[in-house]
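Just so it is clear: chains get the letters A, B, ... in the order the sequence lines come, proteins before strands, and each one is counted from 1.
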Amino acid sequence: MDDQPRLMHSSHGVGMAGHPGLAQHMQDGTGGADGEGRKQDIGDILQQIMTITDQSLDEAQARKHALNCHRMKPALFNVLCEIKEKTVLSIRGAQEEEPPDAQLMRLDNMLLAEGVSGPEKGGGSAAAAAAAAAAGGGGSDNSVEHSDYRAKLSQIRQIYHTELEKYEQACNEFTTHVMNLLREQSRTRPISPKEIERMVGIIHRKFSSIQMQLKQSTCEAVMILRSRFLDARRKRRNFNKQATEILNEYFYSHLSNPYPSEEAKEELGKKCSITVSQVSNWFGNKRIRYKKNIGKFQEEANMYAAKTAATATNVSTHGSQANSPSTPNSAGDSFLCDQPDAKST
DNA sequence: CTATATGATTATTA
DNA sequence: TAATAATCATATAG
């Protein structure tokens with residue numbers, strides 16, 4: 001009873017001022033009579049552990065078998081189980097959280113939306129085309145225009161699925177392997193189902209992080225593909241001369257309020273054989289660019305003013321209109337009300 | 001090849 | 001929700 005405190009201090013005398021150190025005690029042995037035998041045992045075991053890597057596999061197997069057949073083995077195993085039972089409580093509950101990872105969900109959603117991870121549309125390309133046409137609501141050339149896009153997309157899809165399957169398979173393989181290993185080991189050391197479960201969880205997490213990389217890169221590829229094929233900016237064509245003529249005529253003849261109504265837009269679109277949204281784009285661009293640099297458009301403005309004047313006179317058969325087109329902006333250009341900065345160089 | 005023109009998209013605003 | 005402003009990506013002129 002009074003042995004314990006003495007063990008701590010007796011051999012050192014002056015107690016090291018702070019760090020007793022476990023190794024120190026073990027080396028000292030403290031001269032205890034009962035420690036001698038155990039020390040010997042521990043030394044033996046350490047020796048065995050140190051040399052275990054030098055042993056051949058057969059030797060190790062033989063030793064393992066011998067241990068397994070040892071008559072004390074069941075009893076020792078029970079003891080191990082008991083100890084483990086007590087200590088396992090501490091590690092349980094340490095890692096239970098499994099957040100559904102927003103990043104992964106985003107990727108999944110996107111892949112699903114792009115039809116990469118969705119159901120196989122198979123050879124039913126006709127059905128897909130029909131669906132696309134129906135969705136487009138009249139874009140007959142839509143499917144033709146995007147056929148190579150879809151081809152590339154399905155290529156990506158195939159790669160994605162192949163890789164995914166490969167990872168899945170590898171994961172299963174590895175899991176099986178590890179479980180076999182654990183089962184094998186559970187003959188010599190106690191392994192709870194919980195631990196196995198945990199191990200499987202760890203493996204799955206690792207593999208799913210790999211899958212996440214795959215999904216990430218697939219998403220990137222799809223995005224690049226999209227921007228390459230579906231971005232209308234990449235295949236921009238100028239409107240033909242006549243169309244711009246018509247649009248400019250309207251713009252400069254409504255310079256004080258160049259905001260065509262929906263009806264007018266439809267009319268213009270029909271005349272120029274472009275869509276209403278293209279008309280809207282054109283007017284949006286025209287307004288902002290005109291406002292930004294009126295000087296640059298002066299000439300154009302004069303030209304179209306003259307032109308409309310000419311057609312007007314043509315219609316009215318009256319030519320002597322004192323229409324001076326040199327300063328067309330002097331009138332109430334109400335849409336210019338807010339002049340930010342006339343960048344005149 | 002460089003600079004400008006131009007149609008389309010995106011973000012912001014009222 | 002449409003207009004605006006900024007920006008992109010190409011077309012075209014020089």
Practice task
Using atom types as modelled and distance alone, determine if a side-chain donor or acceptor of A:Ser261 lies under 3.5 Å from a backbone N or O of A:Ala264.
Solution key: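 Yes, the answer is positive, given that a donor and an acceptor are paired below the 3.5 Å cut-off.
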Problem - Polar side-chain atom of A:Gln278 near backbone of A:Thr275 as donor-acceptor pair, under 3.5 Å - result: yes
Practice task
When you get a sec, tell me which of C:dC8, C:dT4, C:dA9 is the closest nucleotide to the side chain of A:Ile288?
Solution key: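 For the A:Ile288 side chain, the nearest candidate turns out to be C:dT4.
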Exercise for the section: Compare the minimum distances between each of C:dA9, C:dA3, C:dA6 and the side chain of A:Arg233, then state the nucleotide with the smallest one. Expected result: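 Taking heavy atoms from C-beta onward, the closest nucleotide is C:dA9.
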Rounded to whole angstroms, how far apart are [atom1] on [X] and [atom2] on [N]?
| X | N | atom1 | atom2 | result |
| --- | --- | --- | --- | --- |
| A:Asn293 | C:dA6 | CG | P | 14 Å |
| A:Glu262 | C:dA2 | CD | P | 7 Å |
| A:Phe229 | C:dA9 | CZ | C1' | 16 Å |
| A:Arg289 | C:dC8 | CZ | C1' | 11 Å |
| A:Asn257 | C:dT4 | CG | P | 10 Å |
| A:Asp231 | C:dT7 | CG | C1' | 12 Å |

Handout entry: Range on DNA chain B touched by chain A, heavy atoms, distance below 4.0 Å
Key =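 Reading along DNA chain B, I get B:dA5 to B:dT9.
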Say you draw a straight line from [atom1] of [X] to [atom2] of [Y]; how long is it, rounded to the nearest 0.5 Å?
| X | Y | atom1 | atom2 | value |
| --- | --- | --- | --- | --- |
| A:Leu112 | A:Met105 | CG | CE | 11.5 Å |
| A:Thr218 | A:Ile159 | OG1 | CD1 | 8.5 Å |
| A:Arg287 | A:Tyr259 | CZ | OH | 5.0 Å |

Name each donor-acceptor pair under 3.5 Å that joins a side chain in residues 176-184 of chain A to protein atoms two or more places apart or in another chain, with its distance.
unit_1   : atom_1 : unit_2   : atom_2 : d
A:Thr176 : OG1    : A:Asn172 : O      : 2.6
A:Asn180 : OD1    : A:Arg183 : NH1    : 3.1
A:Asn180 : ND2    : A:Thr176 : O      : 3.4
A:Glu184 : OE2    : A:Lys64  : NZ     : 3.0

Problem - Whichever of A:Asn285 and A:Pro260 has its nearest DNA chain C nucleotide further upstream toward 5' - result: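 Looking at DNA chain C, the more 5' nearest nucleotide goes with A:Pro260.
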Practice task
May I ask you to say whether A:Lys215 pairs ionically with A:Asp108, meaning some side-chain N is under 4.0 Å from a carboxylate O?
Solution key: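 Answer for the salt bridge query: yes.
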Practice task
Before accepting this row, confirm whether a basic side-chain N of the pair A:Glu267/A:Lys270 lies closer than 4.0 Å to the acidic partner's carboxylate O.
Solution key: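 No.
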Handout entry: Face-on cation placement of A:Lys286 at A:Phe283 ring, 6.0 Å and 45° thresholds
Key = no
Handout entry: salt bridge (Lys or Arg N to Asp or Glu O under 4.0 Å) evaluation trace for A:Arg198 with A:Glu195
Key = CA-CA 5 Å; A:Arg198 217 162 65 84; A:Glu195 274 178 287; 5.9 Å; no
Exercise for the section: Please confirm whether A:Tyr304 and A:Phe251 have ring centers closer than 6.0 angstrom. Expected result: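 That pair fails the under 6.0 Å test.
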Handout entry: Those residues of residues 237-244 of chain A lying under 4.0 Å from DNA chain C by at least one heavy atom
Key = A:Arg237, A:Asn238
Practice task
Residues of residues 266-273 of chain A with any non-hydrogen atom less than 4.0 angstrom from an atom of DNA chain C: list those, numerically ordered, please.
Solution key: none
Handout entry: Contact under 4.0 Å: A:Tyr290 side-chain N or O vs C:dA5 OP1/OP2
Key =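 False: A:Tyr290 side-chain N/O out of range (4.0 Å or more) of C:dA5 OP1/OP2.
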Exercise for the section: Tell me what A:Arg234 touches on the nucleic acid: a base, only sugar-phosphate, or nothing, going by heavy atoms under 4.0 Å. Expected result: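 If one applies the 4.0 Å heavy-atom cut-off, A:Arg234 turns out to touch the sugar-phosphate alone, with no base involved.
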Exercise for the section: Quick one: label A:Lys296 by what it contacts on the DNA or RNA (base, sugar-phosphate, nothing), any heavy atom closer than 4.0 Å. Expected result: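 Sugar-phosphate, no base atom in range.
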Handout entry: Helical bend (five base pairs per end, nearest 10°) for the helix from B:dC1-C:dG14 to B:dA14-C:dT1
Key =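 Nearest ten degrees gives 10° for this helix.
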Practice task
Output the rest of the hydrophobic cluster of A:Ile49: all Ile, Leu, Val, Met, Phe, Trp and Tyr residues reachable through side-chain heavy-atom contacts under 4.5 Å, sorted by chain and number.
Solution key: A:Ile45
Exercise for the section: Describe, in one word, how the ring planes of A:Phe207 and A:Phe174 are oriented to each other, choosing from parallel (under 30°), tilted (30 to 60°) and perpendicular (over 60°). Expected result: tilted
Exercise for the section: Please name the pair of heavy atoms, one in A:His204 and one in A:Cys171, separated by the smallest distance, quoted to 0.1 Å. Expected result: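 Shortest heavy-atom contact: CD2-SG, 3.4 Å.
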